Every structure is written in structure tokens, then in C-alpha cells.
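Here is the structure we will look at, set down as C-alpha cells.
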2 protein chains.
Amino acid sequence: MIFIIDNHIDRCEVSCIHPKQVEYARSNMLDDDTVLSLANIFKTLGDATRMKIIYSLMLRELCVCDIAAVINASESSVSHHLRLLRTQKIVKFRRDGKVLYYSLDDDHIVSLIKEGLDHVNE
Amino acid sequence: MIFIIDNHIDRCEVSCIHPKQVEYARSNMLDDDTVLSLANIFKTLGDATRMKIIYSLMLRELCVCDIAAVINASESSVSHHLRLLRTQKIVKFRRDGKVLYYSLDDDHIVSLIKEGLDHVNE
DNA sequence: TAGACATATGAACAACTATTCATATGTCTA
DNA sequence: TAGACATATGAATAGTTGTTCATATGTCTA
């Protein structure tokens, strides 16, 4: 007589110890798009150069080369970062002749940063 | 007669258009350590897997393999991320026999995420 | 309209990061 | 005390990201 033992039968795809709690946590989980958007905002703020750029714009609008001077970075680097911040609607700009003036365009971001600062300063 | 022209004389290290405004923005700038810490928090939250891990712990503590099941990731990957979150004091754990239960250990982080969610949901 | 200037953009490269696989550690139980 | 199990850890790899350099674009002025 042959016994075929299949111990995969009552295993879920990913093994887990507490199926009930897994189900519970899963039911509360954000959908993938939301997680991605959420992580994306934080990723944008998670670079020191970008953080400085945003922070330099807290008081007033600045042109690109002034931003570069304030944070001590190359204009090219600043420009690349500004593009990213632009596509995420975190900054906006206006043109005055040859000069582009950038300014903050998202209050949520500012309060996120302030909240983050509270955390850093414990 | 020889003229020596040094056009570096009245240029600041980084050229800028509006020195006054640069000075003003500079006076308001965060010091480097603060910027780095700040960016670091956001960087930690800026990864989808870590975001899911943190979010899965919103309701209750979970063990490693349950977290892995909830977010559909390998236990090894989860373990690596948990180490990072541990060193940043974002999660803590308690041991019960072979099983380690992780839970959130930082209210600031939770409110940061909530604030971020407000932003995503506009 | 040519040249100067502010900024943008693309490509290349170096540094960093997340995941995986293999292995180690620590705890329980037979 | 050996083996099973949950988790941690290290090394290797693939993908991502920031910076730089070279060049392009758009605007002003002589």
C-alpha cells in the first residue's frame, strides 16, 4: 500500500503562524496604488539636497542659481531636482525674462516637513 | 605695461543673482545634521515594502512570518527591513519562545503617515 | 540678429539599496 | 541532546538614484 502525503494541502501560499491575525491585518492594508503614492512622497523628501531646496523656499521664491548658492550645490543638480519636485507639484515657477523663480506649491508638504522636524527635535 | 585681470575678485564661490535673498534664505537654513536626520526619516518611509510593514502593525503586534504573509514578501526581506526600522526606533519587539512579535514604537511616525495619507487622498 | 546668460536636458558613471540565497543563531520539544 | 522551527545575518546581485559634464533651449540686449 502506498501513502501519498502532501503537506502542502493546508498551507497557504505564504506560510504564516496566525492566519486570523494575518487576515485582520490584511483587511486593513492599503491598496498597492496608495502605498506606492505614499511611499513616493516620502521618497521625494528623503534626499538631503531636495530637502534643502524645499526648505530654502520656505521664506520666499528664489531663482535656480540662488537656490544653488543657498544650499551649495551645482545649478545642474538643483535643476534636476526641481524638475522632479515640479512633476510632483511640490514646487511651481514663474518666469521673469531669463530668470525662473521657483516657489512652494503644496502646503501638505510643508506641514509634513514641520511634523518631521518635531520628530527630529524630539 | 601688463594688466592682470582677475575676474574672480568680486565673485562669491557660487555665483548668484540676488546675494541679499541668498543670505536671507541661508540664515533660515537648517544645519546639515538636522537636514540629514530629517531626510533620513523620510527615506525610511519612502520604500513601499517598509511602508506596508509599518502599516501592517497599525492594528496590533505581529510576528515576522505573519508580516511577510500580510504584505506578500519573503521573510528574509521583511527581517532585513525590520532591522532597519529597529535601529531607527520605529518598531520594537518582544520574544515569546521562538517567535518575535514586532510592534510600532513611534507615534510621530504614525502621524507622519496619516498626514501623508491626507495628502495622497487630496 | 548675434552673443550672452539662466536654465533645462540627456548621457554616463558612481554610489546606494532591496532582494535573494545560503547559512547562522537561538529557542523549544521529543 | 538532537532536530525542528522562527528569525537573523552576510554576501552577491540587479536595479535605482544623484551628480557631473556636455549640450540644448529660450530670452534678453547690443
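Not measured: the values here are computed from a predicted model. Lettering of chains follows the sequences in order, A, B, ..., and the numbering in each one begins at 1. Excluded from the calculations below are hydrogen atoms, water molecules and symmetry mates; all remaining heavy atoms, backbone and side chain alike, are included.
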B:Leu82 atom CG is separated from D:dT9 atom C1', nearest whole Å, by 13 Å

Among D:dG10, C:dA18, D:dT7, which nucleotide sits nearest the side chain of B:Arg83?
D:dG10

Protein-nucleotide distance (B:Lys98, atom NZ; C:dT25, atom P), rounded to Å:
19 Å

How long is the line joining CE of A:Met51 and P of D:dT17, in whole Å?
17 Å

Considering the terminal five base pairs at each end of the helix from C:dT1-D:dA30 to C:dA30-D:dT1, what angle separates the two local helix axes, rounded to 10°?
10°

Under 4.0 Å, counting only non-hydrogen atoms across every strand here, what does B:Ser74 touch: a base, just sugar-phosphate, or nothing?
sugar-phosphate

Side chains of B:Ser37 and B:Asn40: do they bring a donor and an acceptor to under 3.5 Å?
no

Counting only side-chain nitrogens and oxygens, does A:Arg86 get under 4.0 Å of the OP1 or OP2 atom of C:dT7?
no

C:dC16 P sits how many Å from B:Lys43 NZ, rounded?
9 Å

A:Arg50 side-chain N/O to D:dG18 phosphate OP1/OP2 under 4.0 Å:
yes

B:Asp96 CG to C:dT27 C1', straight-line distance once rounded to whole Å
11 Å

Counting heavy atoms from C-beta on, name the nucleotide in D:dT7, D:dC21, D:dG10 closest to the side chain of B:Cys65.
D:dT7

Give a yes or no on whether A:Met58 and A:Leu117 share a hydrophobic cluster (residues Ile, Leu, Val, Met, Phe, Trp, Tyr; joining criterion: side-chain heavy atoms under 4.5 Å apart).
yes

Expressed in angstrom and rounded to an integer, what is the separation of A:Leu84 atom CG from C:dA8 atom P?
13 Å

Has A:Thr49 got a side-chain N or O lying under 4.0 Å from the OP1 or OP2 atom of D:dT19?
yes

Just checking, is any N or O donor in the side chain of B:Tyr102 or B:Arg86 under 3.5 Å from an acceptor N or O on the other one?
yes

Using a cut-off of 4.0 Å on non-hydrogen atoms, how would the nucleic acid contact of A:Tyr101 be classed: base, sugar-phosphate, or nothing?
nothing

Aromatic ring of A:His80 stacked on base six-ring of D:dT19, 5.5 Å, 30°:
no

Calculate the interatomic distance between A:Ile53 atom CD1 and C:dT7 atom P; express it in whole Å.
13 Å

Could you state the atom-to-atom distance from CD of A:Glu75 to P of C:dT7 in whole Å?
7 Å

Name the nucleic acid region contacted by B:Tyr102, choosing base, sugar-phosphate or nothing; use a 4.0 angstrom heavy-atom cut-off, strictly under.
sugar-phosphate

If you define the side chain from C-beta out and look only at heavy atoms, does anything of A:Thr34 sit under 4.5 Å from B:Val120?
yes

